[in-house]
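For reference, the structure discussed in these notes is given below.
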Amino acid sequence: MINVKSFTAVLVSALILGVLYLCNSLSYSRTSPQQNISPNNISPNNISPNNMSPKNRLSADVNAVNAISNEVHLVAPEHLQYEQPSIVQGSRTDVVTVTPWMAPIVWEGIFNQVLLDSIYKPKNITIIATVFAVGNYIRFLKKFLETAEQHFFVGFKVHIYVFTDRPNDVPHVTMASGRQLMVRLVPSSKRWQEISARRMELIQILIEEQLPNNRNYIFCLDVDSQFHGRWGSESLGGLVAVTHPGYYRDSRSNFPYERGPSSRAYIAPGEGDFYYCGGAFGGLLQEVHQLAKTCRHNFEADAKEGIEAAWQEESHLNRYMWINKPTKVLSPEYLWQDFKPRNPEIHIVRFSGVVKNYAEIRPNP
């Protein structure tokens with residue numbers, strides 16, 4: 001039999017708690033500061049769905065879901081046979097294959113390229129590549145494009161955007177079906193540092209104006225480099241970094257981070273993970289857009305104060321990726337240096353910077 005007094009006490013307590021919760025919610029909604037939204041403050045990370053029109057909100061939601069789906073929902077075809085994987089015995093014991101934040105580090109021998117391609121090709125994604133061939137750097141473009149046809153995402157849709165001040169000197173290279181070359185005119189510069197610094201700005205603008213489909217991926221690569229081996233679906237990730245071939249064996253105290261505390265690229269002694277290349281990075285479009293936008297903002301803010309980081313956009317990229325951890329890290333196989341002898345753990349060189357005389361190709365020392 002129900003105790004009436006006990007039941008009444010419970011009911012009254014529940015009503016009081018409900019009233020207190022409602023009052024607290026109303027108070028919070030009245031006192032919470034409203035975000036100051038301006039055209040210069042809009043980014044994928046600071047737009048609230050409540051500040052968007054229903055149509056734009058739906059579009060943003062669909063793009064976000066599609067982008068996340070590409071990374072999380074990995075569907076393999078039925079009846080595909082491949083070597084049984086193991087969690088107790090790996091094919092590489094000479095290198096580390098995962099970061100402390102659990103991002104894969106990609107080396108030759110740790111992935112099954114047939115399996116990965118069978119997962120990513122049905123997604124109907126497009127791989128975008130950007131390359132800057134300004135001034136005398138145009139001389140490297142032909143070999144870059146020819147070797148990309150042989151090794152870079154073969155069998156995928158690929159769009160390569162060439163930024164150059166010499167559009168008439170862009171070489172003709174026969175490209176496979178589904179692969180396209182687009183040329184974008186940019187101004188010349190008397191300082192190679194300015195050319196380097198503007199890359200983040202131009203990548204940001206390209207994504208905003210020409211590449212609205214967040215399902216796709218983009219890689220930003222140096223033109224004075226060539227492909228020598230497969231660069232494919234094993235490199236896909238949300239935010240992808242490449243470890244620098246000159247520093248991947250070194251202590252972080254030897255990394256050429258920006259050490260001036262006044263710069264927004266500053267990384268203090270004892271901080272940092274790896275030293276990443278400015279000549280090769282990528283990921284999902286919205287991730288690279290946020291990286292480029294942030295690095296550009298910090299670079300320009302530094303410039304207004306008369307500050308130039310040690311290695312321009314590479315310094316700002318390293319600062320960004322120290323805070324915003326890459327979801328995939330590519331080994332130095334993905335950007336070696338031709339003048340360096342190959343270390344024992346480098347079983348293959350996939351992409352490398354060519355030997356060159358900087359005095360000949362740069363407009364200033």
Indicate the atoms forming the closest heavy-atom contact of [X] with [Y], along with that distance.
X	Y	value
Leu181	Val170	CD2-CG1, 4.0 Å
Val240	Met321	O-CE, 3.8 Å
Ala265	Arg319	O-CB, 3.7 Å
Ser233	Phe153	N-CE2, 3.5 Å
Cys277	Thr243	SG-O, 3.8 Å

(request) For this output row, return yes or no: ring centroids of Phe227 and Phe144 closer than 6.0 angstrom. (result)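 Yes, they do, as the ring centres are separated by less than 6.0 Å.
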(message) Test your reading of the model: is there a side-chain donor-acceptor pair from Lys328 to the backbone of Leu236, 3.5 Å cut-off?
(response)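 Flag set: sc Lys328 to bb Leu236 pair under 3.5 Å.
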(message) Strictly distance-based, threshold 3.5 Å: is any side-chain N or O of Arg198 a donor or acceptor partner for the main-chain N or O of Val186?
(response)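 The answer is no, because no donor-acceptor pair under 3.5 Å joins these two groups.
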Is there a donor in the side chain of [X] and an acceptor in the side chain of [Y], or the other way round, less than 3.5 Å apart?
X	Y	result
Ser352	His228	yes
Glu208	Gln204	yes
Glu345	Tyr248	yes
Glu271	Tyr257	no
Lys157	Asn216	no
Asp302	Tyr266	no

Tell me whether the rings of [X] and [Y] are parallel (<30°), tilted (30 to 60°) or perpendicular (>60°).
X	Y	result
Tyr217	Tyr120	perpendicular
His316	Phe299	perpendicular
Tyr275	Phe255	tilted
Phe274	Tyr276	perpendicular

(message) So, using ring pair (Phe, Tyr, Trp, His ring centres under 6.0 Å) as the criterion, who are the partners of His159 when residues are at least two apart?
(response)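 Counting only residues at least two positions away or on another chain, His159 forms no ring pair (Phe, Tyr, Trp, His ring centres under 6.0 Å).
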Return all side-chain donor-acceptor pairs below 3.5 angstrom for residues 80-89, not counting sequence neighbours, or 'none' if the list is empty.
{"from": "Ser86", "atom 1": "OG", "to": "Val88", "atom 2": "N", "distance (Å)": "3.1"}
{"from": "Ser86", "atom 1": "OG", "to": "Gln89", "atom 2": "N", "distance (Å)": "3.1"}

(request) Begin from the C-alpha positions of Arg342 and Val349 and carry the test side-chain contact (heavy atoms from CB on, under 4.5 Å) through to its verdict. (result) CA-CA 8 Å; Arg342 189 186 300 187; Val349 171; 3.8 Å; yes
(request) Quick one: list whatever passes side chain to side chain contact (heavy atoms under 4.5 Å, CB included) with Arg184, sequence neighbours left out. (result)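 Applying side chain to side chain contact (heavy atoms under 4.5 Å, CB included) to Arg184 gives Tyr161, Phe163, Leu206, Glu209, Gln210.
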(request) For a ring pair (Phe, Tyr, Trp, His ring centres under 6.0 Å) with Phe351, tell me which candidate from Trp336, Trp231, Tyr334 qualifies. (result)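 With Phe351 as partner, ring pair (Phe, Tyr, Trp, His ring centres under 6.0 Å) holds for just one option, Trp231.
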